[in-house]
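Labels below follow one simple rule: chain letters A, B, ... track the order of the sequence lines, proteins then strands, and each chain is numbered from 1.
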Amino acid sequence: MTNVRVRFCPSPTGSPHVGFARTALYNWAFARHHKGTFVFRVEDTDRERSTRESYDAMIGAMRWLGLDWDEGPEVGGPHGPYLQSERGDIYRDVLARLAESKYTYECYCTTDEVDARRKASGSKVMGYDGFCRDLTDEQVAAFRTLGREPVVRFRMPDGSITWHDLVRGDITFETQFVPDFALARANGDPLYTLVNPVDDALMEITHVLRGEDLLSSTPRQIPLHAALVELGIGKVMPEFGHLPFVMGEGNKKLSKRDPESHLFLYRDQGFLPEGLLNYLALLGWAIAADRDVFDLEEMVEAFDIKDVNPNPARFDLKKAEAINAAHMRMLSLDEITERVLPFLKDAGVLSDPVNAADTQLLELAMPLVAERINKLTESVDMLGFLFVDEDAFTRDEADVEKLLNDDGRAVVRRSLDALEHLGEWSAGAIQAALQAELVEGMGLKPRNAFGPVRVAVTGRRVSPPLFESMELLGRERSLQRLQSALA
RNA sequence: GCCCCGUUCGUCUAGCGGCCCAGGACGCUGGCCUCUCACGCCGGAAGCACGGGUUCGAAUCCCGUACGGGGUACCA
């Protein structure tokens, strides 16, 4: 395939959600696979609902995900502007040419009138009935004197519309079930039904990959697009592929209202963009029968729209986390340290900028935690005890109750005895001393012996390896914490 | 109501007529490893929505039913 041009064209109405990311990803992967062009267009024709805030969030989301675009906002391109709110003149011009060629007509009907006529006729087809298709000049004049302003409607052809959907195969609609639809409001504002196909035509889009919700608008777009080609406004009829929904809990489409649908929730939870993207790719597509962890490069290489599954997929947090964890383990120590840094700063574990001592400590501690966290945020709980000021150090209450009871305190007491005069403060020496005192001396099982010490020193039952942690904490602070656990 | 799309383990999927008494992954579960956690390793339970065809042979093709979803706007 040559000169593939695809577009991703969200509306800036609300916070970017996971379906947004999945659609963006598939379009991006398709473009990159075919060495084509990825166009990013902003469909902000609905001025009521479009917001600057949402626009910024969308740009931020794309950047976070690492899905770069070849044409669009902030990068420009030969088919701009890429914000529909700045393309009013273009739409007005197209509308005029369409009207001139009789592809469209003006409709003066009110919704009530249309409903009444449908009720009277007993038609099962909802929507407009074509009443104004062939109005006489007198009729138009009459409506005008009534003060009515017309909407512009597209004259749907008779017969049927069939296309070969890239995801679903042949799909046919009888046009008797596709009413003449509105292209512009009575006040002249263009509607999605017009601007989407017009921009696809003008931007020479060759493949339209979008959500399944737009499948039923395709039989309207095809004849409109054909008209645009006929008028020389467009060059090619794009191919269409309708992607399955991403569903939430239960069996409903993940809507913007569901909190778990928000993309930034995952970013803030410490997901890696490559981890989330990998998981999202799996919602409707598989790279191989026996593999589901891969990077973007591998996806680009393997992605074929024909392999996309047509049935809706449910978003499963557990699996998303597992895939993310796999990507965490693929990161080098330096990479994971760098990624974890902002989260540690946000949580107040580290100052910003990080001082030299903490930088060094972090460097020593990361090897211990890197392999045992599955999300970036988990580093906060794992590392907090190392960096906290001694007077601000606290222990998890439930853990204290469970492990620092009388028996536990006895263990801590003995540990203190064993470590107070330890010659060399190293993980090996600490382990040997505690092993001798608690396991051999007290006859405790290792897990019971070290549990109380762990809570005393790190404040939690879950921590990096104990002896290494104590070495990093240092003799003074470690002993101090053993002491304070007894208080 | 009408139109359209969909239906393989709980979930995501592989499968495009014989390689499938259905493979992988997450989750669940039994065990191993182990100073906690995480990782890793070994094992287990769990599925072709239903009914008819077509065929020597169907998870795969066709029809119907059921169920789920989307659309039916001067939203996108």
Side-chain angles (χ1 to χ4, degrees), chain A residues 9-11 13 43-46 48-50 107 109-111 123-128 149-153 165 167-169 171-174 176-179 181-193 195-196 210-219 242 244-245 247 251-253 279 282-293 307 309-323 325-326 328-329 369-374 378 381-382 399 403 431 434-435 438-439 445-451 453-455 458 460-469:
Chain A
C9 50
S11 294
T13 57
E43 307 227 324
D44 54 352
T45 47
D46 187 341
E48 298 288 305
R49 298 196 302 153
S50 300
C107 167
C109 298
T110 65
T111 313
S123 170
K124 290 175 175 175
V125 182
M126 303 289 279
Y128 192 63
E149 293 293 336
V151 300
V152 176
R153 290 188 185 277
D165 196 274
V167 174
R168 289 152 208 275
I171 296 176
T172 299
F173 281 79
E174 299 297 328
Q176 58 170 312
F177 299 115
V178 186
F181 54 98
L183 296 176
R185 289 193 169 103
N187 68 9
D189 283 352
L191 292 164
Y192 163 83
T193 49
V195 300
N196 183 274
R210 53 172 19 169
E212 188 186 345
D213 49 338
L214 292 165
L215 188 138
S216 49
S217 77
T218 305
H242 290 89
F245 283 131
M247 317 290 276
N251 205 16
K252 50 191 190 331
K253 181 187 173 195
Y279 175 67
L282 258 16
L283 263 25
W285 182 74
I287 196 166
D290 57 355
R291 192 158 77 98
D292 54 17
V293 175
D307 294 333
N309 209 317
N311 40 316
R314 209 159 306 194
F315 188 94
D316 183 62
L317 217 212
K318 285 276 178 49
K319 178 140 185 176
E321 289 176 332
I323 297 291
M328 292 281 285
R329 277 166 236 128
V369 307
E371 59 186 10
R372 35 177 48 85
I373 58 175
N374 291 330
E378 290 170 8
D381 280 344
M382 275 288 185
D399 291 350
L403 289 172
Q431 178 166 18
L434 289 179
Q435 183 85 23
L438 307 177
V439 178
K445 284 184 179 167
R447 62 179 300 129
N448 296 329
F450 303 128
V453 182
R454 183 186 306 282
V455 175
T458 72
R460 302 172 69 237
R461 292 161 72 194
V462 175
S463 80
L466 217 211
F467 316 117
E468 286 81 353
S469 296

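Here the nucleotide nearest the side chain of A:Leu191, chosen from B:G70, B:C2, B:C74, is B:C74. The side chain of A:Arg153 approaches B:C74 more closely than any other nucleotide in the set B:C74, B:G69, B:A76. Ranking B:U72, B:A76, B:C26 by closeness to the A:Ala322 side chain, first place goes to B:C26. Among the nucleotides B:C35, B:C26, B:C37, the one closest to the side chain of A:Lys319 is B:C26. Nearest to the side chain of A:Phe245, among B:A76, B:C74, B:G70, sits B:G70. With B:G69, B:A76, B:C35 as the candidates, the nucleotide lying closest to the side chain of A:Arg49 is B:A76.
Taking every heavy atom of both residues into account, A:Arg314 and A:Leu283 meet most closely at O-CD1, 4.0 Å. Minimum interatomic distance between A:Pro464 and A:Arg372 (heavy atoms only, all atoms of both residues): CA-CD, 4.3 Å.
Contacts of A:Gly127 with the nucleic acid, taken as non-hydrogen atoms under 4.0 Å apart, involve only primed sugar atoms and P, OP1 or OP2. A:Glu468 comes within contact range of at least one nucleobase, with a heavy-atom separation under 4.0 Å. Looking at heavy-atom distances under 4.0 Å, A:Phe467 makes contact with a base. Within the 4.0 angstrom heavy-atom criterion, no nucleotide atom of any strand lies near A:Leu183. Using a 4.0 Å heavy-atom criterion, one finds that A:Tyr192 contacts the bases of the nucleic acid, with or without backbone contacts as well.
Comparing A:Asp44 and A:Pro446 along RNA chain B, the residue whose closest nucleotide (by nearest heavy atom) sits nearer the 5' end is A:Pro446. The nearest heavy atom of RNA chain B to A:Ser216 and to A:Val125 marks one nucleotide each, and the one closer to the 5' end goes with A:Val125.
Using the Watson-Crick or G-U wobble rule with both distances under 3.5 Å, B:G64 pairs with B:C50. Under the Watson-Crick and G-U wobble criteria, each requiring two contacts below 3.5 Å, nucleotide B:C74 is left unpaired. As the counterpart of B:C16, no nucleotide is assigned, since no Watson-Crick or G-U wobble pattern has both distances under 3.5 Å. Both distances falling under 3.5 Å, in either a Watson-Crick or a G-U wobble arrangement, occur for no nucleotide opposite B:C35. If you check B:A22 for Watson-Crick or wobble pairing at under 3.5 angstrom, you find it has no partner at all. Using N1 to N3 plus N6-O4 or O6-N4 for Watson-Crick, or N1-O2 and O6-N3 for G-U wobble, each under 3.5 Å, B:A58 pairs with nothing.
Evaluation of atom-type donor-acceptor distances gives a pair under 3.5 Å for the side chain of A:Arg454 against the base of B:C35. Below the 3.5 angstrom threshold, one finds a donor paired with an acceptor across the side chain of A:Arg372 and the base of B:C37.
Going from the C1' atom of B:G10 to that of B:A45 covers 12 Å, rounded to whole Å. Using atom C1' as the reference point in both B:C35 and B:U8, the two lie 45 Å apart (nearest Å). Of the C1' atoms belonging to B:C3 and B:A59, the separation is 29 Å, rounded to the nearest Å. Nucleotides B:U7 and B:U65 have their C1' atoms positioned 13 Å apart, rounded to a whole Å. Spacing between B:U13 and B:G52 at atom C1', rounded to whole Å, works out to 29 Å. Comparing the C1' positions of B:C12 and B:C28 gives an interatomic distance of 16 Å, to the nearest angstrom. Atom name C1', nucleotides B:C42 and B:G6: the rounded distance is 39 Å, in whole Å. Rounded to the nearest Å, the gap between the P atom of B:A38 and that of B:C62 is 48 Å.
The phosphate of B:A76 (OP1 or OP2) has a side-chain N or O of A:Thr45 nearer than 4.0 angstrom. Between B:A38 and A:Arg329, no contact under 4.0 Å exists linking OP1 or OP2 to a side-chain N or O. Between A:Asn374 and the phosphate of B:A38, there is no side-chain N or O to OP1/OP2 separation shorter than 4.0 Å. For A:Arg168 and B:C5, the shortest distance from a side-chain N or O to OP1 or OP2 is not below 4.0 Å. Phosphate contact (OP1/OP2 of B:U13, side-chain N/O of A:Arg291, threshold under 4.0 Å): absent. Phosphate proximity of B:A14 to A:Asn309: present, with a side-chain N or O under 4.0 Å from OP1 or OP2.
Evaluated for a side-chain contact (heavy atoms from CB on, under 4.5 Å) with A:His242, the options A:Asp165, A:Ile171, A:Asp213 yield exactly one hit, A:Asp165.
The distance between atom CD1 of A:Ile323 and atom C1' of B:A25, rounded to the nearest whole Å, is 7 Å.
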